[in-house]
Amino acid sequence: MVSQSPTQAIALSLTLRTLAEIRGVNIGVSVGAEELQTIPTYAGLVAREFNILTTENAMKFETLRPTMDQYDFTDADSIVNYAQTHDMQVRGHTLVWTNQLPTWLIKRNWTRDQLLDILHEHIITVVSRYRGRIVVWDVVNEALNKSGELAEDNYWMKGIGPDYVELAFQWAHQADPDARLFYNDFSNEGLGPKSNGVFKMVLDLVNRGVPIHGVGFQMHNDLSWSLSPEDVAANLKRLADLGLEVHVTEMDVRIEQPSTKDELDAQAKIYGEVLGICLLASNCTTYVIWGLSDNYSWIPYFFPGWGSALIFDHTYQPKPAYYALIEKLLER
Ligand code: XIL
């Protein structure tokens, strides 16, 4: 082996994780249990570069509840165990969402009381199991429509009514009083009807003493993302004034295929800018990317013809976006 100078050794040990820890923020990635277990390169890169993991699908209702009477915690446990072994935190995603619900649930007509029982039992069981091991939960996901009102076509809204939101936060808090509880949504980072709706909802929850600690900005972007940093900062600030934290929860920047070098550079700029805005805001504490590498991204399935959305490519090589994040973390 060629011997390294001290400077080379320091340069080689620079990772997103080490730099983020120096800056006092968390840098995360959403992961799948199978990839962590079966692909050493994937698992190694995750532990090297990140200090917080989000369960991409392992804690969704349909994954945890294959039948009404049975829970399957296999994947969820395996991710939490991997995180603990590598000294990483976990964001639990997500307790209440209208998507990825099991057929046994949605195919039957339940009374409001029955649905309240089902949701209560689900939240208490899941949050209690990981008490002390999951530091933050996306308690309610995507409850608002684009006008910023509670979406009427939401499964839980239809079956329970608007108070499903506060009940979910209360139950999660009962099950783990130390967990940080988040409302998570998309297109809510700037100023506009959606983020105003989020603000109004969380203001009301805070004012009524409902245990909520933060708001997640999903940030599934494409190259046209061009919000003014001032607007995002103003939105972060009004949430900070309520005592709420913000996490970037599902960052990716999709590109129409095939991608060009210029597009990868433009993508890098967006990754870096969003991290920069987060680093400047006192209440933005965590930046999570929705997938490790372009071969494990949801984008090609949900946006046919699009891809290349992540910071590592199909062969786990860092892309310009990776270096943009490193540079941003090194900036003073
Ligand atoms: C996506 C996953 O990445 C896919 O694997 C799955 O098939 C569908 O859900 N907003 C969310 C995430 O809150 O849970 C979604 O994740 C992406 C959009």
Side-chain angles (χ1 to χ4, degrees), residues 28-39 42 46 50 52-66 72 74-76 78-79 90-103 105-106 122-123 126 134 136-146 150-151 153-157 164-165 168 172 181-189 194-195 197-198 201 214-222 225 246-255 274 286-304 306-312 314:
V29 63
S30 74
V31 292
E34 197 186 325
E35 291 81 5
L36 277 184
Q37 276 163 4
T38 59
I39 307 164
Y42 177 104
V46 163
F50 301 96
I52 186 162
L53 300 183
T54 300
T55 52
E56 182 172 1
N57 289 305
M59 293 195 183
K60 288 177 179 169
F61 213 113
E62 71 173 1
T63 315
L64 291 178
R65 309 291 300 276
D72 181 352
T74 320
D75 286 357
S78 118
I79 294 174
V90 180
R91 296 190 89 264
H93 175 83
T94 174
L95 297 168
V96 189
W97 192 23
T98 198
N99 288 357
Q100 293 182 269
L101 295 172
T103 316
L105 178 67
I106 53 179
H122 180 80
I123 292 177
V126 176
I134 289 194
V136 39
W137 280 101
D138 287 332
V139 176
V140 177
N141 197 35
E142 301 180 359
L144 301 186
N145 60 26
K146 62 175 189 301
L150 278 177
D153 57 357
N154 180 292
Y155 181 77
W156 303 105
M157 178 72 173
Y164 83 90
V165 174
L181 306 180
F182 273 59
Y183 174 73
N184 190 44
D185 213 329
F186 60 90
S187 303
N188 61 335
E189 66 272 19
K194 181 91 177 253
S195 69
V198 172
M201 182 179 77
V215 171
F217 296 170
Q218 291 185 4
M219 298 260 192
H220 294 292
N221 305 311
D222 61 30
W225 190 83
V246 168
H247 291 177
V248 173
T249 52
E250 305 185 16
M251 182 82 192
D252 56 18
V253 184
R254 60 183 175 272
I255 301 176
V274 172
T286 296
Y287 180 103
V288 178
I289 300 164
W290 203 245
L292 179 71
S293 49
D294 288 336
N295 47 335
Y296 293 106
S297 164
W298 72 306
I299 294 296
Y301 304 98
F302 281 78
F303 299 88
W306 294 69
S308 309
L310 299 171
I311 66 169
F312 294 100
H314 284 80

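Just so you know, ligand 1 is whichever comes first in the structure, and atom 1 is the first atom listed for that ligand.
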* Asked: Of the protein's non-hydrogen atoms, which lies at the shortest distance from atom 11 (C) of ligand 1, and what is that distance?
  -> Glu250 OE1, 3.0 Å

* Asked: Looking only at heavy atoms, is any part of Asn99 under 4.0 Å from ligand 1, and if so is it the side chain, the backbone, or both, or is it neither?
  -> neither

* List every atom of ligand 1 that sits less than 4.0 Å from any heavy atom of Gln100, numbering the atoms from 1 in the order shown and giving each element. => 6 (C), 8 (C), 9 (O)

* To do: Tell me which protein heavy atom sits closest to atom 5 (O) of ligand 1, plus the residue, atom name and distance to 0.1 Å.
  => Asn57 ND2, 2.9 Å

* Does Trp97 have a non-hydrogen atom less than 4.0 Å from ligand 1? -> yes

* To do: Indicate the atoms forming the closest heavy-atom contact of Ala143 with Asn154, along with that distance.
  => CA-ND2, 4.3 Å

* Asked: With a cut-off of 6.0 Å (strictly less than), are more than 12 heavy atoms of other residues, nucleotides or ligands near CD of Gln100?
  -> yes

* Asked: Which atoms of ligand 1 sit under 4.0 Å from any heavy atom of Lys60?
  -> 1 (C), 2 (C), 9 (O), 12 (C), 14 (O), 15 (C), 16 (O)

* Measuring from the heavy atoms of Phe302, does anything fall under 4.0 Å of ligand 1? -> yes

* Asked: Going through the checks in order, is the side-chain hydrogen bond (donor to acceptor under 3.5 Å, both in side chains) test met by Glu189 and Trp225?
  -> CA-CA 11 Å; Glu189 66 272 19; Trp225 190 83; 2.9 Å; yes

* Structure fact -> So the atoms of ligand 1 within less than 4.0 Å of a heavy atom of Glu56 turn out to be 2 (C), 3 (O), 4 (C), 5 (O)

* What heavy-atom pair brings Thr63 and Asn57 nearest, and what distance separates the two atoms? -> OG1-O, 2.7 Å

* Asked: What closest approach, in Å, do Trp97 and Thr94 show between heavy atoms, and which atom pair accounts for it?
  -> CB-CG2, 4.0 Å

* Heavy atoms only: give me the nearest Thr286-Ile52 pair and the separation to one decimal. => CG2-CG2, 4.1 Å

* To do: Would you mind running through ligand 1 and noting each atom that sits below 4.0 Å from a heavy atom of Asn141?
  => 11 (C), 13 (O)

* **Interfacing atoms of ligand 1 (cut-off 4.0 Å, heavy-atom, His93)** => 11 (C), 12 (C), 13 (O), 14 (O)

* **Phe302 six-ring centre to Arg254 NZ/CZ under 6.0 Å and within 45° of normal** => no

